[in-house]
Protein chains: 2
Amino acid sequence: MTSDPTAPATAGTTLALIDHLSRLGRRSAEAHGVPSGLRPRQFVALTVLREQGPVAQQTLASALRLDPSNLVGLLNELEGSGLVVRRRDPGDRRRHIVELAPDGARALEAAEREMACVEDGLLRALSGQEREVLHGLLRRALGDQLPTCAEADPPGGC
Amino acid sequence: MTSDPTAPATAGTTLALIDHLSRLGRRSAEAHGVPSGLRPRQFVALTVLREQGPVAQQTLASALRLDPSNLVGLLNELEGSGLVVRRRDPGDRRRHIVELAPDGARALEAAEREMACVEDGLLRALSGQEREVLHGLLRRALGDQLPTCAEADPPGGC
DNA sequence: TATTGTTATACTCTATAACTATA
DNA sequence: TATAGTTATAGAGTATAACAATA
């Protein structure tokens, strides 16, 4: 049926699995009660900020595939908690440069420890080596790096 | 830092990747405009119904990790479109047995072809073999089978 | 005029609790 | 009384459009 032999019988179902696993992760994280009170997107946002260093809001939004207008509220909360800092770009005063605050780095580490625990429960069927493989594949699929560049939706022949 | 050598430096970040990939998949699917008009959970629901055959609503809800009350509306839509059939369990007239309708099977196949296309764009960084590995790992992580059994949240030592 | 961030609004998804009909 | 499904409601999450300040 598939015209492409490199995409076998699994085609079309992997995303469903990912979606479901993502759901399980969210629910499990909620059940465990993330201590830092960080929600998924806050968690990812802090991660990107740590990897990337200071970035403009729009860049961050596109990295997170989040609409800029939604990022506003997210950053308001994070800034209110002292986890990130916003400052104007001197070069272009329209821009806000967002940066991870020391408290944010600490909160992120705490959340990571907690998430490692949740993850451990969720992936308990997999060995440590398999988890590394999984992690590597996901990372490669996402562009060999954290969600950084605004890779446009594939123009591909679909 | 990690006490468990089997869970290396990747610990705590895999779920974030999964979450992000899930988001990308959703957005990409929306962008492509799923032809059958099937939303993610409808898609997964039909998949489970095909794999499992007729099941009680509650069983389906727990398989999907979806609250039974939310499943009602989902099934209403699917039944309204003629994709699934609900009938009373003769043995216990409180139960509704849900079953995939012929139209549902067709819609599912169409959606799968479409999703295979979306997936192809999303996982284009991976070879066919790698995608199989990824699929296998995800499937094993989810219990070596489709979301079927109501595996309770891990009691694990967290 | 174009762009960055913001506000306002609406729509979807989901969880919770109260209700019904069967058991 | 307990259970399966349903309804109603509230709260996130997210997309869209309109707006302010700056370029």
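Computed from heavy atoms alone, side chains included, the values below leave out hydrogens, waters and symmetry copies. Because the structure is predicted, anything quoted here is derived from the model rather than measured. Throughout, protein chains are lettered first and strands after them, A, B, ... in sequence-line order, and every chain is numbered starting at 1.
The pair Arg131(B)-Glu119(B) does not meet the salt-bridge criterion, since no charged nitrogen lies less than 4.0 angstrom from a carboxylate oxygen. Using a cutoff of 4.0 Å between basic side-chain nitrogens and carboxylate oxygens, Glu77(B) and Arg39(B) are scored as salt-bridged.
Taking for each of Arg88(A) and Leu66(A) the nucleotide of DNA chain D with the nearest heavy atom, the 5'-most of the two is the partner of Leu66(A). The 5' end of DNA chain C is approached more closely, in terms of each residue's nearest nucleotide, by Gly73(A) than by the other of Gly73(A) and Pro40(B).
Rounding to whole angstrom units, CG of residue Asn70(A) and C1' of dC13(C) are separated by 15 Å. Look at CD on Glu79(A): it is 13 Å from C1' on dG5(C), rounded to the nearest Å. In this structure, the CG atom of Asp19(A) is 14 Å from the C1' atom of dT12(C), given to the nearest Å. Taking atom CZ of residue Arg26(A) and atom C1' of nucleotide dT14(D), one finds them 13 Å apart after rounding to whole Å. The nearest whole Å value for the distance from the CZ atom in Arg87(A) to the C1' atom in dG5(C) is 16 Å. The distance from atom CG of Leu74(B) to atom C1' of dT14(C) is 12 Å, rounded to the nearest whole Å. Between the CD atom of Gln57(A) and the C1' atom of dT7(C) there is a distance of 13 Å, rounded to whole Å. Look at CG on Asn76(A): it is 12 Å from P on dA8(C), rounded to the nearest Å.
Under a hydrophobic-cluster definition in which Ile, Leu, Val, Met, Phe, Trp and Tyr are linked whenever side-chain heavy atoms come within less than 4.5 Å, directly or via other members, Val85(A) and Val48(A) are assigned to different clusters.
Look at Arg86(A) and you'll find a side-chain N or O under 4.0 angstrom from OP1 or OP2 of dT6(C). Contact annotation: Gln58(B) reaches the phosphate of dA4(D) (side-chain N/O to OP1 or OP2, under 4.0 Å). In terms of phosphate contacts, Arg94(B) brings no side-chain nitrogen or oxygen within less than 4.0 Å of OP1 or OP2 of dT3(D). Regarding contacts with the backbone of dT14(C), a side-chain N or O of Arg41(B) is found under 4.0 angstrom from either OP1 or OP2. Contact check, Arg93(A) against dG5(C): no side-chain N or O comes under 4.0 Å of OP1 or OP2. Distances shorter than 4.0 Å separate some side-chain N or O of Arg23(A) from OP1 or OP2 on dT14(C).
Backbone-only contact: Asp92(B) has heavy atoms under 4.0 Å from sugar-phosphate atoms and none from a base.
In terms of heavy-atom proximity, Met115(B) sits nearest to Leu15(A) at CE-CD1, 3.7 Å. Asp19(A) approaches Ser22(B) most closely through the heavy-atom pair OD1-OG, 3.0 Å.
Between the side chain of Ser69(A) and the base of dT14(D), no donor-acceptor pair of N or O atoms lies under 3.5 Å.
Residue Arg39(A) places its side chain closer to dA12(D) than to any other of dT6(D), dA12(D), dT16(D).
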